[in-house]
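Every value quoted in this text rests on a predicted model; they were computed, and no experiment measured them.
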Amino acid sequence: MSTNVVFLAFPDVYRWKFVTLTRAAESSRRARETVAQWLTDGPQEVRDDAALVVSELVTNAVRHVPGGVRRDWVDVQLGFGRGFVRLEVTDPGVDTSAPCVGEEDLMAQSGRGLRLVAGLAVRCGTWRTGHGCRVVWADLACAGAGDL
């Protein structure tokens, strides 16, 4: 399977919008609503793709990252670059390696969401902060993103 996952090459993102959500069952919905509001003036296709991508990334953070003291949050960021928007979801992190994109088996119980994200994105990947938090990101093509 060929994927478009990138780990080091980050294009310039020059303007950011940011929200911290409490990790809960409604976090994905709140993230979708927030990103839709941020992209109100953007093309409908980009709004739809961004809503799906942020929903998948936040859902993964809520489901797969252990909770605990000072671990009840997830950050959502939207950045604007030349011809793309970047979605980043940061969570408290886990001790395992990078998130796993599922096999081609469409009946597989995990990894389908990240495969979907990779299919919608022109670039995507993950990195860990110096504090052990995990950032999962995806760039979506968007002509005129700098004007939104």
Side-chain angles (χ1 to χ4, degrees), residues 2-102 110-148:
S2 173
T3 63
N4 53 347
V5 177
V6 177
F7 290 95
L8 296 175
F10 289 95
D12 291 330
V13 177
Y14 54 89
R15 188 165 45 102
W16 289 96
K17 295 184 181 241
F18 177 91
V19 66
T20 297
L21 303 172
T22 300
R23 288 180 51 213
E26 67 273 1
S27 298
S28 293
R29 177 187 53 79
R30 291 187 58 218
R32 283 191 307 273
E33 291 169 352
T34 300
V35 167
Q37 182 181 21
W38 288 340
L39 291 171
T40 297
D41 295 330
Q44 184 66 48
E45 181 179 2
V46 174
R47 289 195 315 265
D48 292 345
D49 288 352
L52 183 54
V53 167
V54 77
S55 183
E56 291 295 337
L57 298 181
V58 170
T59 296
N60 282 349
V62 170
R63 283 189 184 162
H64 301 295
V65 177
V69 177
R70 292 188 292 254
R71 297 181 60 84
D72 65 343
W73 57 271
V74 61
D75 288 340
V76 175
Q77 294 185 87
L78 178 71
F80 298 87
R82 296 192 193 284
F84 71 96
V85 293
R86 170 166 300 148
L87 282 162
E88 289 187 354
V89 173
T90 305
D91 62 55
V94 294
D95 293 332
T96 61
S97 61
C100 179
V101 176
S110 64
R112 291 180 295 197
L114 289 178
R115 191 171 61 244
L116 182 61
V117 168
L120 291 172
V122 293
R123 291 172 294 272
C124 62
T126 184
W127 58 280
R128 292 186 61 119
T129 70
H131 301 291
C133 299
R134 175 164 302 157
V135 179
V136 183
W137 59 272
D139 289 346
L140 303 175
C142 180
D147 299 328
L148 297 178

**Message:** How close do Y14 and R82 get, counting heavy atoms only, and between which atoms?
**Reply:** CE2-N, 4.0 Å
**Complete:** Minimal heavy-atom distance between C124 and A118, with the atoms involved, is SG-CA, 3.8 Å
**Prompt:** If every non-hydrogen atom of A31 is compared with every non-hydrogen atom of V58, which pair is closest and at what distance?
**Reply:** CB-CG2, 3.8 Å
**Request:** Specify the closest pair of heavy atoms between T20 and W73, including all atoms of both residues, with the distance to one decimal.
**Result:** CG2-CB, 4.0 Å
**Asked** What's the spacing between W38 CH2 and Q77 CD if we round to 0.5 Å?
**Response** 8.0 Å
**Asked** Quick one: NE2 on H64 to OG1 on T59, what's the gap to the nearest 0.5 Å?
**Response** 9.0 Å
**Request:** Mind listing the closest non-hydrogen atom pair of S27 and T22 along with its distance?
**Result:** OG-O, 2.5 Å
**Item:** With sequence neighbours excluded, residues passing side-chain hydrogen bond (donor to acceptor under 3.5 Å, both in side chains) with T90
**Value:** none
**Identified side-chain contact (heavy atoms from CB on, under 4.5 Å) counterpart of V74 within the set N60, L57, V89** = V89
**Request:** Sequence neighbours left out, what passes side-chain hydrogen bond (donor to acceptor under 3.5 Å, both in side chains) with Q37? Give chain and number order.
**Result:** none
**Prompt:** Is there a side-chain contact between E56 and L114 (heavy atoms, below 4.5 Å)?
**Reply:** no
**Request:** Side-chain contact test, heavy atoms from C-beta onward, threshold under 4.5 Å: evaluate it for R23 versus V65 and give yes or no.
**Result:** yes
**Item:** CG on D49 to CG on L120, rounded to 0.5 Å
**Value:** 4.5 Å
**Request:** Mind checking the CG-CZ spacing from D91 to R71? Nearest 0.5 Å is all I need.
**Result:** 8.0 Å
**Prompt:** Could you walk me through whether V76 and T34 pass the side chain to side chain contact (heavy atoms under 4.5 Å, CB included) check?
**Reply:** CA-CA 9 Å; V76 175; T34 300; 6.0 Å; no
**Item:** Non-hydrogen side-chain atoms of L52 and D48 separated by less than 4.5 Å
**Value:** no
**Item:** Interatomic distance, R30 atom CZ to S55 atom OG [nearest 0.5 angstrom]
**Value:** 13.5 Å
**Asked** Do you know the tightest heavy-atom contact between P66 and V94?
**Response** CD-CG1, 3.2 Å
**Spacing of L87 atom CG and W137 atom CH2 [to the nearest 0.5 Å]** = 11.5 Å
**Message:** So for atom CD, which belongs to E26, do other residues, nucleotides or ligands contribute more than 12 heavy atoms lying within a distance under 6.0 Å?
**Reply:** yes
